[in-house]
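Working notes, beginning with the structure itself.
As the structure lists them, so they are numbered: ligands from 1, and atoms in each ligand from 1. Starting from 1, each residue takes its place in the sequence as its number.
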Amino acid sequence: METFYRDSWVEVDLSAIEYNMNNLRKRLKPDTKIYAVVKANAYGHGDEQVAKKALESGADGLAVALLDEALKLRRAGFVCPLLVMGWTRPQDAPLAAELEISLTVFQEEWLKKVDPSALSKPLKLHMKWDTGMGRIGVRTTEEMDRILPIIKNQPSFVLEAVFTHFATADDARLDYFEEQERRFYKLLNHFERVWSENVEFHTGNSAASMRFPERMKNFVRFGISMYGLYPSDVVKEERPIDLKPAFSLQSRLVHVKKLEEQESISYGATYQTEDEEWIGTIPLGYADGWIRKLQGLEVLVDGKRHPIVGRICMDQFMIRLDQEYPIGTKVTLIGKQGDEEVTTDEVADYLETINYEVPCMISHRVPRLFIDGGQIVEINNPVK
Ligand SMILES: *Cc1c(COP(=O)(O)O)cnc(C)c1O
């Protein structure tokens, strides 16, 4: 097994991915399929390992944001349906076609720029409808009427599916969500009049699929909640399904010392000991994504909370300990120790951001260790 030579690592519990997938499936209608969203290196968890577990847990396909991400998965041997949800350059369409990667289409201009003679296999397309997200997608029936004939008249273009994305499916107020649904059905009404071939439809992200399973179409795109995180506080309160977080961040004390009162810690000497204090050093810093704004947050040592003191450096930071601990003592930055827990949500709140951003920001310098059924099954250390 690959290994690493530092005392900080991410643990990804693959059994949690399976648990979350199973709980979503129990909530969906029996014929609703699940695409596992593994963009951005599976939200920072590790794309190949999460994709494998998601498929073993019954996912029907994978969705990513970029063609590069899809290529990586194809080349790693994933043969399942694979969708790129973002923009792909038209000149890259032949590469997608060759590897049977489905692309998102929403512009007439784009379709005209794809050279059908360069396609070695049919190009699979999902048409995106912008029903109110305001990001990418067809907004009107007029736009749709310009795109559909191009697809229809080109045998190398295959329209597999049509999809949209909700902007507020995780909110307490549902009026905008319902407005998006109305716009979707209006476009669908028109689409069904002009398109006779079979296509699939997909609308739901984690929030919509968990909260409104009965309204879901052929499949859902399951992202944040597959990783065990609720898309918002509202959904966390509602708890439509139980989730287990897969991600934790661990380190070890590499230095422990007792300081006299009035001694300073780290750059800028912004922290001063008030009394004699035990100070521990942790080998993780902002180059690992443990950003400077986290100064003041607490981490777990010996099942207790200890505050980060002084500025976080590029590769190290310091904490105030309640007593002396041996070098090598485990430090949990995100995750559980005994009855205490620092959740991804707590870190996100501290940074005034959303939980999605937290695992994504832990950089590739931190090795990922994959656990399944309590055993280490794989280590991924991109720094080698
Ligand atoms: C990222 C993304 C998703 C997944 O959303 P979650 O809230 O993480 O479930 C679904 N659809 C699209 C288009 C996305 O970009």
Side-chain angles (χ1 to χ4, degrees), residues 16-17 20-21 23-25 27-28 32-45 47 50-51 54 59-70 73 81-88 101-106 125-138 160-171 176-177 180-181 184 200-213 215-236 238 240-241 243 245-247 344-345 348 353-361:
I17 303 283
N20 301 327
M21 283 286 299
N23 283 353
L24 176 69
R25 183 146 1 74
R27 180 138 173 90
L28 293 173
T32 309
K33 297 185 283 182
I34 304 175
Y35 270 40
V37 181
V38 293
K39 62 189 177 191
N41 194 29
Y43 295 40
H45 292 62
D47 53 2
V50 169
D60 299 278
L62 301 171
V64 292
L66 309 174
L67 181 59
D68 280 307
E69 295 173 330
L73 291 167
L82 188 43
L83 168 65
V84 176
M85 300 183 291
W87 153 269
T88 304
I101 293 166
S102 307
L103 298 183
T104 292
V105 60
F106 50 91
L125 298 168
H126 288 219
M127 182 169 41
K128 182 76 184 279
W129 290 352
D130 179 6
T131 55
M133 178 71 184
R135 193 164 62 180
I136 53 172
V138 168
E160 286 187 311
V162 170
F163 73 116
T164 195
H165 189 55
F166 295 117
T168 63
D170 58 353
D171 266 13
Y176 196 69
F177 171 74
Q180 282 199 263
E181 274 198 323
F184 177 80
E200 294 198 297
F201 298 92
H202 50 108
T203 59
N205 52 3
S206 295
S209 62
M210 295 191 300
R211 297 178 85 193
F212 313 109
R215 301 194 210 180
M216 294 297 105
K217 312 295 285 181
N218 298 89
F219 60 86
V220 300
R221 304 181 304 272
F222 196 38
I224 193 71
S225 298
M226 176 173 70
Y227 304 97
L229 303 173
Y230 290 92
S232 67
D233 288 341
V234 170
V235 184
K236 194 171 164 182
E238 274 181 22
I241 63 174
L243 296 174
F247 188 95
T344 300
D345 289 351
T353 183
I354 53 171
N355 55 19
Y356 291 68
E357 212 177 357
V358 174
C360 286
M361 80 186 195

Pairing residues for Asp130 by the side-chain hydrogen bond (donor to acceptor under 3.5 Å, both in side chains) criterion, not counting sequence neighbours:
Arg139
Classify the ring geometry of Phe247 against His45: parallel below 30°, tilted from 30° to 60°, perpendicular beyond 60°.
perpendicular
Check whether any side-chain heavy atom of Leu73 sits under 4.5 Å from a side-chain heavy atom of Glu69, and report yes or no.
no
For Glu160, side-chain hydrogen bond (donor to acceptor under 3.5 Å, both in side chains) partners two or more places apart
Ser102, His126
Residues around ligand 1, heavy atom under 4.0 Å from any ligand atom, sorted by chain and number. Can you pull those?
Val37, Lys39, Tyr43, Met85, Arg135, His165, Asn205, Ser206, Arg221, Gly223, Ile224, Tyr356
Can you name the side-chain hydrogen bond (donor to acceptor under 3.5 Å, both in side chains) partners of Asp47, sequence neighbours left out?
Lys72
Going by atom types only, do Thr164 and Thr131 share a side-chain donor-acceptor pair under 3.5 Å?
yes
